[in-house]
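These notes are about the structure you will find just below.
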Amino acid sequence: MTVTLRFFASLREKLGETDSLTLPSGSTVGDARDALMARGGAHAEALARSRAVRAAVNQKMSAESVVLAEGDELAFFPPVTGG
């Protein structure tokens, strides 16, 4: 299956605005993050497990255990603070 990726804030600066990722059926948000980190370089650094990164599937905040479906939009962004 293929999902559309979107990156926001500092992740967008490092990884670009959009991308796509092909994953096996039944993959989760966490699997997608692992696959992106496996690309190495900027992806591995920006999405490292030591970094706080939030995810949303189809514009709904999602845990890493959420199972993805064909055509989903998966967004990654750092935590945001307001003031």
Side-chain angles (χ1 to χ4, degrees):
M1 79 177 146
T2 301
V3 296
T4 299
L5 302 171
R6 298 210 184 277
F7 303 104
F8 293 92
S10 60
L11 295 178
R12 182 181 193 171
E13 293 171 10
K14 292 179 182 177
L15 305 176
E17 183 175 349
T18 62
D19 198 350
S20 64
L21 182 65
T22 301
L23 296 161
S25 183
S27 293
T28 65
V29 170
D31 294 333
R33 186 174 176 180
D34 290 340
L36 289 167
M37 287 188 301
R39 289 181 176 178
H43 285 85
E45 180 184 331
L47 297 170
R49 293 287 175 192
S50 61
R51 294 185 170 262
V53 175
R54 303 279 188 188
V57 176
N58 299 325
Q59 301 181 6
K60 182 179 177 186
M61 294 295 294
S62 300
E64 289 206 355
S65 60
V66 170
V67 176
L68 298 166
E70 176 68 34
D72 277 350
E73 176 188 81
L74 174 57
F76 289 104
F77 49 95
V80 178
T81 60

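Keep in mind that this is a model prediction, so the values were computed, not measured. What's counted below: heavy atoms across the whole structure, side chains too, no hydrogens, waters or symmetry copies.
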Point-to-point distance, once rounded to the nearest 0.5 Å, from NZ of K14 to NE2 of H43: 12.0 Å
Using modelled atom types only, decide if a donor and an acceptor are shared between the side chain of R33 and the backbone of A48 within a distance under 3.5 Å. yes
Hits for side-chain hydrogen bond (donor to acceptor under 3.5 Å, both in side chains) against T28, two or more places apart or cross-chain, chain-then-number order -> D31
Residues A52 and P79: closest non-hydrogen pair is O-CD, 3.2 Å
As an exercise, state the distance from CD of E45 to CZ of R51, rounded to the nearest 0.5 Å. 5.5 Å
When you look at CD of E70, are more than 12 heavy atoms from neighbouring residues, nucleotides or ligands closer to it than 6.0 Å? yes
Can we say D72 and K60 salt-bridge, meaning some charged N sits less than 4.0 Å from an Asp/Glu carboxylate O? no
Clusters formed by hydrophobic residues whose side-chain heavy atoms approach within less than 4.5 Å: which one holds F77, and what are its other members? F8, M61
Joining Ile, Leu, Val, Met, Phe, Trp and Tyr whenever any side-chain heavy atoms lie under 4.5 Å apart, the cluster holding V57 also takes in M1, V3, L5, F7, L11, L15, L21, L23, V29, L36, M37, L47, V53, V66, L68, L74, F76
